[in-house]
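As the structure lists them, so they are numbered: ligands from 1, and atoms in each ligand from 1.
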Amino acid sequence: MKNFELLVRSVGGHSLAFLYFDLKGEKVNKFNREVIAEFESLIPELKRRAGEIEALILFSKKPGNFIAGADITLFQAARTAEEAQALSEAGQNLLNEWEDLPFPRVVAINGACLGGGCELSLASSAILMSNDSGARIGLPETLLGVIPGMGGCVRMPWKVGIAQALDLILSGKTLTGEKAYKAGLADGLLQKENFETSSIEWVCKNLERLKRGERIGKPPKLGGMGGVTGSLLENNPLGRSVVFKKARSGVLSKTKGQYPAPIEAIDVISETGTGYQKNFRGVDRARAMKREAEGFGKMAATDVSKNCIRLFFLTEAIKKANGLPEGVEAPTKKIQSAAVLGAGVMGGGIAHLLADKGISVRMKDVGIPGLELGIQSALTLFNKSLKRRSITERQFQQKLAKISPTTSYDGFLGAEVVVEAIVEKMEVKQSVLKELEDFVSKDAVIATNTSSLSVSRMQSVMRHPERFCGMHFFNPVHKMPLVEVIRGEKSSDQSVSQIFQFSKQIGKTPIVVRDAPGFLVNRLLMPYLTEAAIMVSEGVRIEELDPALLEFGMPMGPIELIDEIGLDVAEKVGHILHDGFGERMSPPGTFEKLLEKKRLGKKSGSGFYIYSGPEKKEKRLDSGIYDLLGIRPLTGKITKQEMVDRCVFGMINEAARCLQEKIVAAPEDVDLGMIMGTGFPPFRGGLLRYADSVGLEKIVNVLQELKGKYGMRFAPSDALLAFAKNGKFYP
Ligand code: COA
């Protein structure tokens, strides 16, 4: 056997089998065809030796990984629902055979145990987990646009109750050993030190109970809360229908019906999972599994799933990238100490993020009041984590203590990276950067968080411009996953690569962007927002426009997004892009009246919408907005499709130019940037995958029509025409 090693030996008077899994040549264990075949061939041997084996323990030999699930490329390659269903059935059959072995099987998990790994665990007699923070168990399939297809939908409800199973499967979240033990998913929680030895001891201690098929872990917390109410909910059909109804409406309100997998999972669980119990075998199990496999096949064949999987592999590729062209390497290091210049919204947000990731941060501002604001914003965020219990009181104190405020450059000499986040004025930034160079070590990399100014111009005044590049975070820093790493004319490979790796170190997804007005994301977003504002000034109702783009899948409508960004900021960026690109980026003029009235958007309490309540979370459209703008709105002025096309095709047109100008290296960067930076719907695969799915020829034709109706800004770019000639953005 290549990937599995089976040993049977006597321990403490018991004859135990030890099965070690170590997929050769791979970083993680997964179920690919070879593994499935090998595992299958093990079953007859295990059956043959049943008389000799009292119990079996499965360990992984991979540090930090138990089993990462089914090989995603297997079902990604499936061309039809039937093909994917057959894959699911093969996996189910294998796990059924595992479940039917005549001796107890215990999995001992000391690393990631996801998808098929978790499903194998569910088909085992008991699950042991270590208390290592890397030991995690879960069913992330719905995040990939599919449903658990190796018995997970069928077995999980029995193990943890329907409500908890729905929560795990619909969110795709993973649980640590401690949480899994509390949920009743893990039967034993063991110290990470000497995990293997204590797993063996645990099995010996519980051997008789295991042989009798007893449940050793906590009972499932029915209804999610346990107790009498929980039992009442889950133990009768009416209560169960309440649980499913609630799950369905929760999913629909979150996904607006755009993601079919969670709904399919609810259907499968309601039709199969509630019947599962110990000794659920034969035709009943076969029927339940068949339903699950059908659901899996159906989901695996959807474009949504293909797009979610592409996104998974795009983010995997970033893990390995260094921010430089292929074959180019530059030394980088893990950052332990940093400094932030400016304690405003962005500076404070960046300092919070760095401290949260364990990096010591010096935060400098010109005066104490500014620093207080920065500290306050970090404090608010840490407080939220404390309330949510994602950090302990001790961690709260430790993290907060990582930020040390200052009004001087004291302590900057120790900073390995300095992030500048002061006012967006070129002259001010240039003079501060010149000054800063005297106070940092010669190896320090300096990055600017500018969202709109030229990195090359900024570095032109520096004595060591090569150590400088852009590190453009998006607001709010702790939530938005993207960082644009901006390569200025004189930025060195080393500084670009260091900031790229540093971004990953703090949990962000970086893309490298060439220095040009608006970089990538703002340059694409601005035509989108501008077009929405133009439509409003033409009399398109905001009550129709925002929902149309929400329905398309954007996380919020464009007018609400303008409010969120701030009308002043949007106007400023708009002017920079207009200066950079001329006529086609003309600002809409819709904002002027609102700006005159200091209605800057959410931050000032009103923009197009009016905001109220705690953290201004409640919003309503201002009934007087059209009068204020001097507009007569018309219901149904244009179709929803036209609203979407005007907003989205403009972005596609501009993205083609960005690719031709090598603002980013590849279509993947555009898609990752738009998904991570603007929330462009992941199920559409990103802006350019969406364009390819619509067809470039069709987009060119629609743009021509729009040009006829609304003007030259819609003229298809030469770049788009060139891509259309080849058919697609993606090869
Ligand atoms: N199928 C196929 N490939 C997988 C995989 C899977 N289920 N899980 C991991 N891999 C691959 C990665 O793509 C990567 O390949 P590469 O080196 O060619 O780029 C390699 O295994 C190592 O994974 P990586 O993510 O770099 O390791 P990690 O230690 O950072 O993370 C996991 C490990 C398991 C947490 C992470 O890979 C993961 O979340 N995998 C997906 C799990 C999943 O969704 N399973 C359900 C499948 S239905």
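Side-chain atoms of Val485 and Val483, non-hydrogen and from C-beta on, do get closer than 4.5 Å to each other.
Residue Phe312 approaches ligand 1 through these ligand atoms, each under 4.0 Å from one of its heavy atoms: 40 (N), 41 (C). Near Glu316, the atoms of ligand 1 lying under 4.0 angstrom from a non-hydrogen atom of the residue are 12 (C), 13 (O), 14 (C), 23 (O), 24 (P), 25 (O), 26 (O). Under a 4.0 Å criterion applied to the non-hydrogen atoms of Phe75, ligand 1 contributes the atoms 48 (S). Ligand-side atoms of ligand 1 in range of Ile72: 1 (N), 2 (C), 6 (C), 7 (N), 47 (C), range being under 4.0 angstrom from any heavy atom.
Close N/O approach between Ala70 and ligand 1 is found [any backbone or side-chain N/O within under 3.5 Å]. In terms of polar-atom proximity, defined here as any N/O pair under 3.5 Å, Lys320 does make such a contact with ligand 1.
The closest heavy-atom contact to atom 25 (O) of ligand 1, among the options Lys30, Lys27, Glu141, Lys319, comes from Lys319. When the options Cys118, Ala68, Gly69 are ranked by their closest heavy atom to atom 45 (N) of ligand 1, first place goes to Ala68.
For atom 32 (C) of ligand 1, the closest heavy atom belonging to the protein is Leu114 CD1, 4.5 Å. When hydrogens are left out, the protein atom nearest atom 2 (C) of ligand 1 is Asp71 OD1, 3.2 Å; that is the closest non-hydrogen contact. Residue, atom and distance of the protein heavy atom nearest to atom 21 (O) of ligand 1 are Val28 CG2, 3.5 Å.
Listed here is the closest heavy atom pair of Ile137 and Cys118: CG1-SG, 3.7 Å.
The six-membered or imidazole ring of Phe680 lies near that of Phe552, with a centre-to-centre distance under 6.0 Å. For Phe296 and Phe75, the distance between ring centers is under 6.0 angstrom.
Using bins of under 30°, 30° to 60° and over 60° for the plane-to-plane angle, the ring pair His472/Phe474 lands in the tilted bin. Phe382 and His352 have tilted rings, their planes meeting at an angle from 30° to 60° on a 0 to 90° scale.
If you run salt bridge (charged side-chain N to carboxylate O under 4.0 Å, His left out) between Asp187 and each of Lys218, Arg215, Lys159, only Lys159 comes through. Of the residues listed (Glu34, Lys24, Glu26), the one engaging Asn3 in a side chain to side chain donor-acceptor pair (under 3.5 Å) is Glu34, and it is the only one.
At a heavy-atom distance under 4.0 Å, only side-chain atoms of Leu144, from C-beta outward, approach ligand 1.
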